[in-house]
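Worksheet for the structure shown next.
Since we're looking at a predicted model, the values are computed, not measured. Nothing fancy with the numbering, it's 1 onward along the sequence.
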Amino acid sequence: MKFIVTGGRGFIGSHFVERALKEGHFVTDIDKLGYASHEKLPWDDHPRYKLIKEDISEIKHLSSCDVLVNFAAESHVDNSINDTNPFIKSNILGVHNLLELVRGKPSYERPLFFHISTDEVYGDILEGEFVETDKLTPSNPYAATKAAAEMLVLAYNRTYGIDYIITRSSNNYGERQYEEKLIPKCLSSVKNNKKIPIHGDGSYVRDWLHVKDNVDGIFTIIENGIKNEIY
């Protein structure tokens with residue numbers, strides 16, 4: 001299978017690329033190599049791996065592939081509160097550009113558009129749990145840009161017939177995660193004998209998902225040929 005992976009030098013994307021190569025797939029990785037990207041990875045010289053250093057909001061061409069998996073995004077909530085512009089460019093304009101490039105292909109050459117979203121699009125919940133059909137009520141700029149991207153994906157499916165999958169995983173953790181995220185930040189603080197930063201009054205509850213379990217779920221969807229669903 002041929003994959004185009006955006007953001008494959010980032011945290012979750014790199015784990016997807018690693019598994020795809022191990023399973024014998026071909027991967028074209030589009031990554032602008034931002035501050036949280038990995039400049040070097042063990043598979044850089046792999047014969048089935050190709051890196052294109054470009055911004056998804058500016059790229060002009062997509063090569064032929066079976067599935068486009070869009071991991072590329074600005075993702076740190078605190079950063080989105082300080083400066084929304086990078087989030088608008090990557091998470092909304094970037095997704096729009098990718099969808100336009102897919103739309104420009106003949107219908108028989110269009111890949112499945114697999115969009116990696118977040119449970120942040122639902123907003124806050126005091127008890128219970130969300131389901132896929134719940135209303136999206138994002139409560140910060142990052143979540144708002146991810147919700148907007150989802151609306152674009154759904155609209156392009158309805159208007160242009162582009163097949164999609166959207167996944168809204170909870171907080172991921174695992175190897176190669178950038179230190180600004182909570183778990184690596186806590187580990188670094190403990191290691192360096194520093195105080196662990198606490199948001200709010202410390203009463204918040206979060207669900208955590210290991211990055212490899214997330215990738216397992218993504219591959220399960222792809223391998224079962226599922227289209228036009230949200231998980």
Quick check against the 3.5 Å criterion: does [X] have a side-chain atom that pairs as donor or acceptor with the backbone of [Y]?
X: R168; Y: E120; answer: no
X: D44; Y: L41; answer: yes
X: S117; Y: I166; answer: no
X: N171; Y: D207; answer: yes
X: T159; Y: Y156; answer: no
X: N97; Y: I56; answer: yes
X: T84; Y: S80; answer: no
X: H25; Y: R19; answer: no
X: R103; Y: I162; answer: no

So for atom [atom1], which belongs to [X], do other residues, nucleotides or ligands contribute more than 12 heavy atoms lying within a distance under 6.0 Å?
X: E132; atom1: CD; result: yes
X: D78; atom1: CG; result: yes
X: F26; atom1: CZ; result: no
X: N193; atom1: CG; result: no

Closest heavy-atom contact between [X] and [Y]?
X: L136; Y: A147; value: CD1-CB, 4.2 Å
X: S169; Y: L209; value: CB-CD2, 3.8 Å
X: W208; Y: N172; value: CZ3-O, 3.9 Å

Stepwise side chain to side chain contact (heavy atoms under 4.5 Å, CB included) check, Y164 with I230: CA-CA 9 Å; Y164 74 92; I230 298 174; 4.1 Å; yes
[atom1]-[atom2] distance between [X] and [Y], expressed to the nearest 0.5 angstrom:
X: F114; Y: I226; atom1: CZ; atom2: CD1; result: 9.0 Å
X: Y122; Y: F130; atom1: OH; atom2: CZ; result: 8.0 Å
X: T28; Y: I4; atom1: OG1; atom2: CD1; result: 6.0 Å
X: T145; Y: I92; atom1: OG1; atom2: CD1; result: 5.5 Å
X: N85; Y: E74; atom1: CG; atom2: CD; result: 11.0 Å

V215 and E18: CA distance, side-chain angles, deciding distance, side chain to side chain contact (heavy atoms under 4.5 Å, CB included) verdict: CA-CA 10 Å; V215 169; E18 183 177 31; over 6 Å; no
Is any NZ, NE, NH1 or NH2 atom of the basic residue among [X] and [Y] found under 4.0 Å from an Asp or Glu carboxylate oxygen of the other?
X: E58; Y: K89; result: yes
X: D163; Y: K227; result: yes
X: K2; Y: E109; result: no

Plane angle bin for F113 and H115 - parallel if under 30°, tilted between 30 and 60°, otherwise perpendicular: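 It falls in the parallel class, under 30°.
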Parallel, tilted or perpendicular: rings of F16 and F71 (30°, 60°):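 Rings of F71 and F16: tilted, as their planes differ by 30° to 60°.
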Flag side-chain contact, heavy atom, 4.5 Å: H61 against L101: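 Side-chain contact under 4.5 Å: no.
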Full working for side chain to side chain contact (heavy atoms under 4.5 Å, CB included) between I222 and M1: CA-CA 10 Å; I222 293 171; M1 188 176 293; 3.9 Å; yes
Distance-only donor-acceptor check, side chains D119 and S170, under 3.5 Å: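 Looking only at side-chain atoms, S170 and D119 do not form any donor-acceptor pair under 3.5 Å.
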Residues clustered with V77, ILVMFWY side-chain links under 4.5 angstrom: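 I81, F87, Y142, listed by chain and number.
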